[in-house]
Engineer: 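Below is a structure I'd like to ask you about.
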Amino acid sequence: MPPVTIRGKALIAGAYEHPGRELPDRTLPQIHAEVAAGALADAGLSLSDVDAYYSAGDAPGFGALSMVEYLGLDCSYIDDTETGGSAYLVHAQHAAAAIAAGHVNVALITLAGKPRTGGAGPGGSARFSSAPEASFENQFGMSVPGGYALAAARHMHEFGTTSEQLAEVKVAASTHAQHNPNAFLQDVVTVDEVVSSPMISDPLHRLDCCVITDGGGALVLVSEAVAASLDRHCVPVLGTGTSIKHTSGGRIDLSHTGASRSGPLAFAEAGLTPADIDYVSIYDSFTITVLMTLEDLGFCAKGDGGRFVSDGALQAPGGVLPFNTDGGGLCNNHPANRGGMTKVIEAVRQLRGEAHAAVQVPDCELALAHGTGGSLATRMGSATLVMGRSS
Amino acid sequence: MSELGPSGLPVPTPNPNLETQRFWDATAEDRLELPRCDDCDHVVWYPRERCDQCGSTSLTWFEASGRGTVYSCTVTRRIPGSWRAAAPFVLAYVELDEGPRVVTNIVGCDPETVHIGQPVQAVFDPTPDGPALLRFTPA
């Protein structure tokens with residue numbers, strides 16, 4: 001554990017998921033503003049209370065600098081850390097540290113995007129095309145599903161994982177999504193339906209892939225003193241971990257993720273182990289993302305993910321490890337092609353007892369949210385957040 | 001789609017820079033050259049003028065064998081944009097005999113037959129502007 005811990009020193013006071021999945025009539029800054037207002041209202045705070053703002057690559061223009069102006073904030077602390085879809089968990093970690101250090105009282109984190117109706121997704125193409133690795137990876141028909149498929153194929157080769165086991169992840173997510181009226185896909189699917197859906201990039205079928213949706217979300221983290229002044233149920237941050245995994249000069253390892261480092265860091269800070277966790281939100285850009293992450297976080301042995309997710313282990317409320325009770329990115333929402341924000345939001349709902357009654361985990365005391373950014377096992381930012389119930 | 005190489009796949013032009021020009025110049029002559037660290041013998045991929053293992057900036061280019069094995073592969077069947085018409089095609093990581101695992105395509109064979117562990121040999125797919133793309137075919 002680090003000498004100065006954030007454990008319990010910062011609390012999530014506000015969490016808001018935009019209900020929209022197609023937002024053709026909104027600008028990107030408008031969606032950021034709507035989710036900011038939603039999370040602050042949830043906390044019982046206003047824009048004038050915010051002294052720190054966090055955004056990632058989905059924020060337009062100068063990022064946080066542009067958005068602080070658009071939103072009309074008065075901030076003495078900003079952070080533009082960009083690790084793709086996991087960035088919002090990294091922001092929560094940074095906000096918790098800044099709060100623990102006394103620099104920040106009220107931190108606002110926003111995410112917004114329009115990949116469904118607004119054309120290009122986040123991330124400037126010029127920025128990516130000038131990356132030092134670009135000419136050695138982008139000339140070969142690499143795609144997002146293709147990159148994840150390469151990890152899935154290797155995992156199958158090393159550990160005997162099957163398409164039917166991957167499909168169990170989607171089945172569990174769809175079982176939860178039927179109870180979420182905002183979910184983009186609300187139909188329950190079977191293993192057979194997943195493995196007979198069109199192949200995108202072997203071994204990943206269409207139903208192994210997450211949805212593409214407009215929308216966004218926001219979080220408000222506050223100090224203990226601010227939390228004590230609020231009427232809202234505030235969720236303490238107990239442990240955080242971030243890791244960057246890359247190709248290591250060409251010695252890439254496709255069967256492990258950065259969760260194998262971010263997870264132990266978060267558990268150590270929280271003073272907890274995987275066995276203590278009642279509910280998990282696991283980034284689910286693809287089914288394989290969930291399976292490998294569960295292994296690397298220590299919820300099962302490495303290579304046993306396929307067996308672990310079979311037989312309903314992930315299904316709420318009665319499974320061994322209920323996950324993504326909002327339907328996750330696979331069914332509910334993947335705003336801006338970045339799923340980390342919604343992972344934290346559903347974990348907060350569970351800890352507050354505000355998940356849908358059909359999927360609420362009884363006596364949910366401890367929850368974990370995990371974000372994956374970049375491309376699975378290749379060049380990725382992993383972030384883990386452990387939260388408690390408290391108040 | 002733009003032009004296709006002899007492999008039948010698109011040949012988008014790379015962007016050589018001061019650190020990678022030698023690599024691309026060699027591909028134009030059907031040779032695979034890689035930088036090796038003078039201090040720790042690490043063969044660095046992607047090419048750059050520093051060793052990611054020990055931080056040395058002293059590296060020497062050498063001609064690699066062009067032999068390798070498939071580390072992972074996928075038949076991409078659906079993809080938007082300029083690669084759509086090329087599908088199905090094989091996207092792969094090949095582990096070079098010299099160590100690095102590189103992103104590439106496996107060409108010159110039925111995509112359905114490519115598998116992890118398969119021995120492969122480099123082929124150089126020329127782009128319209130001179131440099132060639134490092135692809136592989138079954139050995």
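No experiment lies behind these values; they were computed from the predicted model shown. So you know, we letter chains A, B, ... as the sequences are listed, proteins then strands, and number each from 1.
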Engineer: I'd like to verify something: which residue of A:A153, A:G141, A:A149, A:A134 has the highest number of heavy-atom pairs under 4.5 Å with chain B?
Structural biologist: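 Between A:A153, A:G141, A:A149, A:A134, the count favours A:G141.
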Engineer: Heavy-atom distance under 4.5 Å to chain B: side chain of A:M156, backbone, both or neither?
Structural biologist: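 For A:M156, neither part sits under 4.5 Å from chain B.
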Engineer: Heavy-atom distances under 4.5 Å only: say whether B:V75 touches chain A with side chain, backbone, both or neither.
Structural biologist: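 Both parts, heavy atoms under 4.5 Å.
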Engineer: Looking at A:R206, A:M142, A:Q139, which has the largest count of heavy-atom pairs under 4.5 Å with chain B?
Structural biologist: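 It is A:Q139.
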Engineer: If I compare all heavy atoms of B:H42 with all of A:G249, which pair ends up nearest, and what's the gap?
Structural biologist: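 In this case the closest contact between B:H42 and A:G249 is NE2-O, 3.9 Å.
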Engineer: Is it true that a side-chain atom of B:R101 and a backbone atom of A:G250 form a donor plus acceptor pair closer than 3.5 Å?
Structural biologist: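 It does not hold such a pair.
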Engineer: Do A:H157 and B:H115 touch side chain to side chain, with heavy atoms closer than 4.5 Å?
Structural biologist: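 No, every pair of side-chain atoms sits at 4.5 Å or beyond.
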Engineer: Is B:A92 close to chain A through its backbone or its side chain, or both, or neither, when contacts mean heavy atoms under 4.5 Å?
Structural biologist: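 Just the backbone, heavy atoms under 4.5 Å.
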Engineer: Check each atom of B:E95 against the heavy atoms of chain A and say whether the ones under 4.5 Å are side chain, backbone, both or neither.
Structural biologist: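 No part of it gets close to chain A.
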Engineer: Determine whether B:R78 and A:M199 make a side-chain contact, defined as any pair of heavy atoms from C-beta on separated by less than 4.5 Å.
Structural biologist: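 Side-chain contact under 4.5 Å: no.
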Engineer: Under 4.5 Å from any heavy atom of chain A, what part of B:L96 do you find: side chain, backbone, both or neither?
Structural biologist: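 Answer is neither: B:L96 stays 4.5 Å or more from chain A.
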Engineer: Nearest 0.5 Å, what's the CZ-OG distance between B:R77 and A:S201?
Structural biologist: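 With rounding to 0.5 Å, CZ (B:R77) is 8.5 Å from OG (A:S201).
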Engineer: For A:D202 and B:T74, indicate whether the former's side chain and the latter's backbone hold a donor-acceptor pair under 3.5 Å.
Structural biologist: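 Answer holds: no.
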Engineer: Is it true that atom CZ of A:R261 has more than 12 heavy atoms of other residues, nucleotides or ligands lying nearer than 6.0 Å?
Structural biologist: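 12 or below, so no.
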Engineer: Would you find a donor on one side and an acceptor on the other, under 3.5 Å apart, between the side chain of A:S143 and the backbone of B:I79?
Structural biologist: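 The answer is no, because no donor-acceptor pair under 3.5 Å joins these two groups.
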Engineer: With a 4.5 angstrom heavy-atom cut-off, could you sort out which part of B:T13 is near chain A: side chain, backbone, both or neither?
Structural biologist: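 The backbone, not the side chain.
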Engineer: Count the heavy atoms belonging to other residues, nucleotides or ligands that lie under 6.0 Å from CD1 of B:I116, then report whether that count exceeds 12.
Structural biologist: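 Atom CD1 in B:I116 is crowded, with more than 12 foreign heavy atoms closer than 6.0 Å.
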Engineer: If you look at every heavy atom in A:L150 and B:L91, which pair is closest and at what distance?
Structural biologist: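 Scanning both residues, the minimum pair turns out to be CD2-O, 3.5 Å.
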Engineer: Just so I understand: if I count every heavy-atom pair under 4.5 Å between each of B:D125, B:L134, B:T127, B:V102 and chain A, which residue has the most?
Structural biologist: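 Highest number of heavy-atom pairs under 4.5 Å: B:L134.
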Engineer: Rounded to the nearest 0.5 Å, what separation is found between the CG atom of B:D52 and the OG1 atom of A:T247?
Structural biologist: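 If we round to the nearest 0.5 Å, B:D52:CG and A:T247:OG1 are 7.5 Å apart.
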Engineer: Any idea which heavy atoms bring B:S72 and A:R154 closest together, and the distance?
Structural biologist: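 Closest heavy-atom pair between B:S72 and A:R154: OG-N, 3.5 Å.
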Engineer: Need one label for A:P132: side chain, backbone, both or neither, based on atoms under 4.5 Å from any heavy atom in chain B.
Structural biologist: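 Contact with chain B involves both backbone and side-chain atoms of A:P132.
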Engineer: Heavy-atom pairs under 4.5 Å with chain A: which of B:W24, B:F89, B:W45 has the most?
Structural biologist: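 With the most close heavy-atom pairs to chain A, the winner is B:W45.
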Engineer: Is there a side-chain contact between B:P12 and A:F140 (heavy atoms, below 4.5 Å)?
Structural biologist: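 B:P12 does not reach A:F140 side chain to side chain.
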Engineer: Does any N or O in the side chain of B:T76 come within less than 3.5 Å of the main-chain N or O of A:G146, such that one atom is a donor and the other an acceptor?
Structural biologist: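 No, B:T76 side chain to A:G146 backbone: no donor-acceptor pair under 3.5 Å.
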Engineer: Just checking A:F136 against B:F23, ring centres under 6.0 Å apart?
Structural biologist: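 Yes, the ring centres sit under 6.0 Å apart.
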Engineer: So, the side chain of B:Y71 versus the backbone of A:L254: is there a donor-acceptor pair under 3.5 Å, distance only?
Structural biologist: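 Present.
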